[in-house]
Amino acid sequence: MDNNFYENGLKFECRRCSYCCGNGPGFVYLSKVDLERFCSHFEMEPVAFVEKYCRWADYYEGKKVLALIETKKLECVLWNNGCTAYEGRPIQCRTWPFWDWMVKEKSAWDECARDCPGMNNGPVHLMEEIEKAAKEYKENIPLDYEQWQAEYL
């Protein structure tokens, strides 16, 4: 990663604006870790959680992977004037906005910051924290349908 632009850290503080939770179609992919965190948070069994909150989304190489569903307004199914599962939210949400591709170049960061009022505002997050989040995001592989069948059905 070209981390020169954030060697002194980056400012970010979530403003709870919901832009990233409901400003158009998108995917919140869930890994096995994410699913288990949600199940613990909601005190639900995996099959029941998936039936209520998830869908199987097309992914790379023809795979189908687990993702949260969206409402008719294109908001995250767990959004209701705030995240109803904030403490149990998935890695994709926990690591925002320090995703590997977003912190790779300043131009990508600046482009995303146009839509997110929390970026470039608030407390400084140090390079170590940014790189840890970027790595966690990159390594968080969505649960695919074959894994789901083998482990949960």
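Within the 4.5 Å cutoff, the side chain of Leu66 has no heavy atoms near those of the Pro142 side chain. Residues Lys32 and Glu151 are in side-chain contact: their nearest non-hydrogen atoms beyond the backbone lie under 4.5 Å apart. Using a 4.5 Å heavy-atom threshold, the side chains of Tyr86 and Arg16 count as touching.
Remark: side-chain polar atoms of Thr84 are paired, donor with acceptor, to backbone N or O of Leu78 under 3.5 angstrom. One N or O on the side chain of Thr71 and one on the backbone of Glu75 form a donor-acceptor pair closer than 3.5 Å. In this structure a side-chain-to-backbone donor-acceptor pair under 3.5 Å is present from Arg94 to Arg89. Although no hydrogens or angles enter the test, the distance criterion places no donor-acceptor pair under 3.5 Å between the side chain of Trp56 and the main chain of Lys63.
Classification of the Trp109-Phe5 ring pair by plane angle, with boundaries at 30° and 60°, yields tilted. Classification of the His125-Phe12 ring pair by plane angle, with boundaries at 30° and 60°, yields tilted. In this pair, Tyr29 and Tyr59 present their aromatic rings perpendicular. The plane angle is above 60°, beyond the 30 to 60° band.
Both Met44 and Val47 belong to a single network of hydrophobic side chains, linked directly or stepwise wherever heavy atoms of I, L, V, M, F, W or Y lie under 4.5 Å apart. Taken together through direct or relayed side-chain contacts under 4.5 Å among Ile, Leu, Val, Met, Phe, Trp and Tyr, Met102 and Ile130 form part of one hydrophobic cluster. Hydrophobic cluster membership is shared by Leu10 and Met119, with clusters built from Ile, Leu, Val, Met, Phe, Trp and Tyr side chains linked at under 4.5 angstrom.
Here the closest heavy-atom approach between residue Ile69 and residue Lys52 is recorded as CD1-O, 3.8 Å.
Aromatic pair Tyr53/Phe42: centroids less than 6.0 angstrom apart.
Residue pairs meeting the salt bridge (charged side-chain N to carboxylate O under 4.0 Å, His left out) criterion with at least one member in residues 33-45, sequence neighbours excluded, are Asp34-Arg37.
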Stepwise salt bridge (charged side-chain N to carboxylate O under 4.0 Å, His left out) check, Glu131 with Lys135: CA-CA 6 Å; Glu131 291 184 345; Lys135 183 177 189 279; over 6 Å; no
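Note on Asp58 versus Lys64: salt bridge recorded, some NZ/NE/NH1/NH2 to OD/OE distance being below 4.0 Å.
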